[in-house]
Amino acid sequence: MAVRPVLGRGYSLIDRRSVTLADGRRVFAKLAVSDDTAGYLRDEQAVYSQLSGAFLPRMLGWDDDGRRPLLVIEDMSQAHWPPPWRAGDVEAVLAALEQLWACRPPAALRPVELERADMTRWPRVAENPAPLLSVGVCGREWLESHLPILIEAADAAPLGGGSPLHLDVRSDNICIRDGTAVLIDWNWAAVGNPDLDLAAWLPSLQDEGGPEPEALLPDAPQLASLMAGFFASFAGLPPPPAAPTVRAVQLSQLRTALPWAARALGLPPPN
């Protein structure tokens, strides 16, 4: 058996290993390194144990000693990991999401509506705008003038629904295998409105050369404001210990999400 570390684009400190078994098969193993990452893996394993389809890898093994669980899934290293987004890749992701949304939700998943208070984060920006203003995506005058509209729109975002959601659709969690999109890292999965999966993905897709969000999710000002507020509340904060590089990707997403929200709400561009 041969084991080598995997230095991918994930943002948590989970120990990732590619393992070649004695019979020549290769698998992908994820080992928790902290209480936080142990929780992530337990949440992810609950999804793998109750959901199946071409849109997610097969779970091959699970071991939980009560402290540092280990998850083993099929190896996806030979698939295409965007970017670049090739012709047909975006359509493959949309097809995979449609298949996911049509599934019966696993019993382990909570309704995302229960997390509304934590997802609608413009009020937190209003309480302390300094971190957002420090990253330079908008000026103080623009923010103060338009915060009431952004808050009202995000508060009304339609989260409820009966579909299983991935809720962390980004290129580092997507690969394309034989024309089919496969999503990994299921620890944020929930139940709710399918449009929320799209709203969470589209800012990063545009940042990587894809279309503007409204090309795939038109007429969604409330969800656009919700996602912009989510990224705005985090982008200027110190990085969390369990994911020390995540702020950079949140800032990149904010740089596309905030102009999207402004366009969708008929506001002037952030300055």
Side-chain angles (χ1 to χ4, degrees), residues 1-79 81 96-97 99-100 103-112 114-115 118-119 163-175 177 181-192 197 200-201 234 238-247 249-250:
M1 184 174 72
V3 181
R4 63 176 179 84
V6 175
L7 304 177
R9 292 175 293 162
Y11 299 102
S12 74
L13 294 179
I14 286 176
D15 187 356
R16 300 171 176 87
R17 302 294 177 105
S18 175
V19 181
T20 303
L21 304 178
D23 60 6
R25 289 181 300 145
R26 185 185 297 174
V27 298
F28 181 70
K30 300 169 70 174
L31 176 66
V33 298
S34 65
D35 291 345
D36 285 341
T37 55
Y40 298 162
L41 283 186
R42 291 185 183 107
D43 290 342
E44 188 171 5
Q45 187 272 340
V47 174
Y48 280 117
S49 66
Q50 299 179 42
L51 193 64
S52 63
F55 51 81
L56 80 171
R58 288 178 296 118
M59 183 176 70
L60 303 176
W62 170 252
D63 181 72
D64 189 352
D65 62 0
R67 185 169 176 269
R68 298 291 180 259
L70 171 70
L71 174 68
V72 181
I73 62 175
E74 64 178 311
D75 176 73
M76 305 295 294
S77 61
Q78 299 307 306
W81 293 80
L97 289 173
Q99 294 171 19
L100 166 64
C103 292
R104 181 189 299 274
L109 300 189
R110 287 165 51 87
V112 72
L114 297 179
E115 311 300 328
D118 194 50
M119 295 186 68
S163 296
L165 310 178
H166 182 278
L167 278 191
D168 201 15
V169 183
R170 290 193 315 260
S171 61
D172 56 292
N173 289 336
I174 301 169
C175 63
R177 178 176 60 181
V182 180
L183 291 93
I184 64 168
D185 289 1
W186 289 83
N187 53 289
W188 296 115
V191 179
D197 257 344
W201 172 42
F234 286 112
T245 62
V246 74
R247 297 299 183 229
V249 72
Q250 289 169 335

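Predicted model, so just to flag it, every value in this text is computed and none were measured.
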Pairwise side-chain contact, L51 with L100, heavy-atom cut-off 4.5 Å (strictly under) | yes
C103 side chain near F55 side chain, heavy-atom distance below 4.5 Å | yes
V169 and L183, any side-chain heavy atoms less than 4.5 Å apart | yes
Donor-acceptor pair, side chain of Q99 and main chain of G53, under 3.5 angstrom | no
Check W81 against M76 and note the closest heavy-atom contact, atom names and distance.
-> NE1-O, 3.1 Å
Taking atom types as modelled, find out whether S34 and D36 have a side-chain donor-acceptor pair closer than 3.5 angstrom.
-> no
Side-chain donor-acceptor pair present, Q45, R42, cut-off under 3.5 Å = no
Heavy-atom side-chain proximity of Y48 to L56 below 4.5 angstrom = yes
How about R25 and T20: does a side-chain donor come under 3.5 Å of a side-chain acceptor?
-> no
Beyond-backbone contact of W201 with I174, side-chain heavy atoms, under 4.5 angstrom | yes
Is it true that D65 and R67 have a side-chain N and a carboxylate O under 4.0 angstrom from each other?
-> no
Sub-4.5 Å side-chain heavy-atom contact between V246 and P239 = no
salt_bridge(D15, K30) N-O dist < 4.0 Å = no
Salt-bridge test for R177 and E74: reply yes if a basic N is under 4.0 Å from a carboxylate O, no otherwise.
-> yes
For W188, does the CH2 atom sit with more than 12 other heavy atoms under 6.0 Å from it, leaving out its own atoms?
-> no
Is D43 salt-bridged to R110, cutoff N-O under 4.0 Å?
-> no
Do R17 and V72 come within less than 4.5 Å of each other through their side chains, counting heavy atoms only?
-> no
Just wondering, do E44 and L71 contact through their side chains at under 4.5 Å, heavy atoms?
-> yes
Which heavy-atom pair separates A181 from A96 by the least distance, and what is that distance?
-> O-CB, 3.6 Å
Do any N or O atoms from the side chain of D197 and from the backbone of H166 form a donor-acceptor pair under 3.5 angstrom?
-> yes
